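Structure first, commentary second.
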Amino acid sequence: MIKDQLTEAVTEALSALGVDPVPDTMVVERPARREHGDWSTNAALVSSKAAGRNPRELARELVDHLDTPRPPHVEAMEIAGPGFVNFRLAPTWLHDVLVEVVEKGEGDFTRLNLGRGKTVNIEFVSANPTGPIHAGGGRWGAYGDSLARVMARCGYRPHKEFYINDRGRQTVLFGQSLEARRNGEEPPDGGYAGAYIEEWAAEMPDGADPVAWGIERSLADARQVLESMNVTFDTWSSERALVESGVEADVLDRLKQSGLVYERDGATWLRTTEFGDNDDRVLVKSDGDYTYFTPDIAYHLDKYNRGELLIDILGSDHHGYAPRMRAALRALGKPEDSYEVIIGQFVRLVRHGQEVKMSKRAGNIVEIRDLVDEVGPDVARFAYLLQSIDSPQTLDIDVLSAEAAENPVYYVQYANARIHSLGEEAVKRGVERLPLDQVDLSRLDHERELELLRQLSLLPEVLELACNDRAPHKITTWVRELAATFHGFYRDCPVLRSDVEPELQQARLWLAEGARIGLAIGLDLLGVSAPESM
RNA sequence: GCCCCCGUAGCUCAGUGGAUAGAGCGUCGGUUUCCUAAACCGUGCGUCGCAGGUUCGAUUCCUGCCGGGGGCGCCA
């Protein structure tokens with residue numbers, strides 16, 4: 001890969017100039033502006049101190065050194081600004097990218113090995129099974145599932161997990177609410193009052209245990225709607241089953257061995273402050289019951305059977321929970337970096353220009369189902385993945401539905417549809433794509449063609465960032481830009497028109513194939529379909 | 001009071017230690033004798049919330065403040 005070749009060349013040159021080791025802030029990167037070349041390095045800037053020379057002077061020497069022999073594809077090097085070295089490459093480097101893309105295909109192009117086979121347990125959604133999942137929960141679903149896809153492509157082995165809180169007060173209240181409705185009564189104080197309670201109560205068979213039936217009903221609903229958005233889980237873990245197996249006592253014993261457990265006011269506490277929590281936490285209440293915390297610790301311990309690294313994706317309303325779990329796992333001897341918490345910010349829904357306030361118990365929720373039914377699974381999923389999980393998100397339902405045609409997901413899918421239609425048209429016109437090694441890719445020299453190739457060449461860097469930053473939305477940004485460069489190419493560079501020379505036509509057909517592969521990879525990582533016609 | 005996240009163009013949001021800060025939508029105007037106009041092209045005088053600090057260089061890192069969201073139970 002060109003980046004590695006350039007990095008190696010720069011590193012060698014620096015060490016020949018007495019800079020060894022090379023500062024780890026040294027990068028070879030793509031400059032933001034085209035005028036600054038195809039690639040550039042800050043090597044002279046970050047090494048000037050070690051070299052005892054001013055940056056531009058060092059840059060000069062660096063360039064002289066790199067000139068004999070020049071790294072592959074390099075046509076010119078320039079010193080710019082405070083001491084950047086910019087590399088101007090022949091378009092051949094981009095033609096090589098296309099060869100790599102089509103030879104490796106959507107299965108292997110940009111398959112990284114950052115994870116080296118490490119297993120990762122990713123827990124997300126985990127909504128209480130007391131009703132349908134609201135539209136906010138869809139964000140965790142889309143995010144978690146896509147993060148798993150991104151990590152899988154980067155050499156991790158993810159295991160997706162949904163934790164079911166099928167025990168405790170909320171489930172009891174939920175069951176009572178169902179039963180009350182079934183008997184035509186009002187739900188109990190603090191119970192659930194949504195319209196779905198009435199619908200579900202009517203479905204409930206005679207003699208069913210309302211709690212157990214209600215939980216199953218909720219889970220079936222969650223599973224179905226999440227699957228419609230292409231969000232799936234490898235394991236659905238039941239808190240009740242865990243508790244019934246009696247693991248809490250084991251966990252308590254193990255925690256006691258850490259010496260961080262103590263009794264106070266009749267309760268049993270864990271000294272989580274030892275590991276940075278604000279307060280110590282109760283494990284066993286003074287009435288003898290476990291708090292929710294204890295089975296949760298047991299659950300996390302159990303998850304280590306399904307992952308060396310644990311990732312919890314939580315809504316920002318649970319962020320206070322992270323320090324205590326981190327502390328508990330450290331008390332149990334788990335390495336600090338084996339547990340990661342990702343805090344997702346909330347989704348605000350807007351309809352008719354007004355925010356839709358949601359409360360499950362009051363019953364005025366917007367379900368994911370409503371959203372998916374209204375705008376379709378691809379639109380919903382793409383919308384969730386449009387921005388960083390750190391940012392509060394505003395989804396305007398009217399914009400997503402009424403203006404569906406201008407939705408960014410269609411823009412991307414349309415690019416794919418155009419490529420397929422190009423293929424069909426080629427068949428109609430009797431044009432066959434020759435084997436790649438018989439095609440002269442150097443014919444690709446139009447700015448639109450080069451832009452498209454540049455965008456494709458960016459995927460490895462983007463994927464690595466998306467993985468390391470746990471930021472699948474970076475894939476969304478990239479695939480939108482890929483679609484944009486394709487549309488530009490499609491507009492200005494006819495492929496099958498009769499006035500296009502056969503050699504150029506062949507090269508362009510392969511370029512379209514490269515774009516198709518890029519779109520397929522990107523959309524797959526996002527869990528969004530790539531329709532062949534629209 | 002303490003903790004987490006956010007504050008970038010009219011709106012929704014990318015970007016984040018570098019060289020003139022971007023996209024979509026919206027506005028206005030243009031583009032089609034053969035490959036899908038769900039497209040393309042042009043059109044934006046933004047104190048990157050404010051003030052300090054670190055740095056050769058800060059929208060990006062640190063501190064404080066202001067504004068918004070969320071959280072601070074022997075609830076889950």
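Just so you know, these numbers use all the heavy atoms, side chains as well, and skip hydrogens, waters and symmetry mates. Note that this is a predicted model, so its numbers are computed, not measured.
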What interatomic distance, in whole Å, is found between [atom1] of [M] and the corresponding atom of [N]?
N      : M      : atom1 : result
B:rU59 : B:rG18 : C1'   : 12 Å
B:rA58 : B:rU12 : P     : 30 Å
B:rG15 : B:rG22 : P     : 15 Å
B:rG44 : B:rG29 : P     : 15 Å
B:rA23 : B:rC66 : P     : 35 Å

When all nucleic acid strands are considered with a 4.0 Å heavy-atom cut-off, which category describes [X]: base, sugar-phosphate, or nothing?
X        : result
A:Pro392 : sugar-phosphate
A:Ser286 : base
A:Glu532 : base
A:Asp499 : base
A:Arg281 : nothing
A:Pro55  : nothing
A:Leu422 : base
A:Gln345 : base
A:Arg508 : nothing
A:Arg348 : nothing
A:Thr268 : nothing
A:Ser388 : sugar-phosphate
A:His473 : sugar-phosphate
A:Asn86  : base

N/O (side chain, [X]) to phosphate O (OP1/OP2, [N]) under 4.0 Å:
X        : N      : answer
A:Arg448 : B:rC41 : yes
A:Arg418 : B:rA37 : yes
A:Arg33  : B:rA21 : no
A:Tyr411 : B:rC40 : yes
A:Lys285 : B:rG73 : no

Candidate list A:Asp312, A:Asp390, A:Ile311, test side chain to side chain contact (heavy atoms under 4.5 Å, CB included), partner A:Ile342, passing option: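 Looking at A:Asp312, A:Asp390, A:Ile311, the match for A:Ile342 under the side chain to side chain contact (heavy atoms under 4.5 Å, CB included) is A:Ile311.
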
Test item: A:Ser218 side-chain N/O and A:Pro129 main-chain N/O as donor-acceptor pair under 3.5 Å: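 Between the backbone of A:Pro129 and the side chain of A:Ser218 there is a qualifying donor-acceptor contact (under 3.5 Å).
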
Looking only at side-chain atoms of [X], point me to the closest of [options].
X        : options                : answer
A:Thr394 : B:rU12, B:rC35, B:rC5  : B:rU12
A:Ser421 : B:rA38, B:rC34, B:rC35 : B:rC35
A:Arg480 : B:rC34, B:rA39, B:rG24 : B:rG24
A:Gln387 : B:rA14, B:rG71, B:rA19 : B:rA14
A:Pro31  : B:rC40, B:rC35, B:rA19 : B:rA19
A:His318 : B:rC4, B:rA76, B:rC34  : B:rA76
A:Ser391 : B:rC35, B:rC6, B:rA19  : B:rC6
A:Val46  : B:rA19, B:rG18, B:rA14 : B:rG18
A:Trp269 : B:rC35, B:rC74, B:rG71 : B:rC74
A:Arg324 : B:rC40, B:rC35, B:rA76 : B:rA76

Stepwise ring pair (Phe, Tyr, Trp, His ring centres under 6.0 Å) test for A:His300 and A:Tyr339: CA-CA 9 Å; A:His300 278 74; A:Tyr339 178 60; 5.5 Å; yes

Going by purine N1 to pyrimidine N3 plus the second Watson-Crick contact, or the G-U wobble pair, all under 3.5 Å, which nucleotide sits opposite [N]?
N      : answer
B:rA9  : none
B:rU47 : none
B:rG42 : B:rC28
B:rC72 : B:rG1
B:rC61 : B:rG53

Will you find, in the side chains of [X] and [Y], an N or O donor that is under 3.5 Å from an N or O acceptor?
X        : Y        : value
A:Ser457 : A:Arg30  : yes
A:Gln413 : A:Asp378 : yes
A:Thr485 : A:Arg454 : no
A:Tyr262 : A:Asp280 : yes

Stacking check [X] vs [N] (5.5 Å / 30 deg):
X        : N      : answer
A:Tyr292 : B:rC75 : no
A:His36  : B:rA19 : yes
A:Tyr490 : B:rA39 : no

Distance-only donor-acceptor test (3.5 Å): side chain A:His319, base B:rG71: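 No, no donor-acceptor pair under 3.5 Å.
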
Note, A:Tyr163 side chain near A:Asp296 side chain (heavy atom, < 4.5 Å): yes

Enclosure of A:Glu432 CD (heavy-atom neighbours >12, cutoff 6.0 Å): no

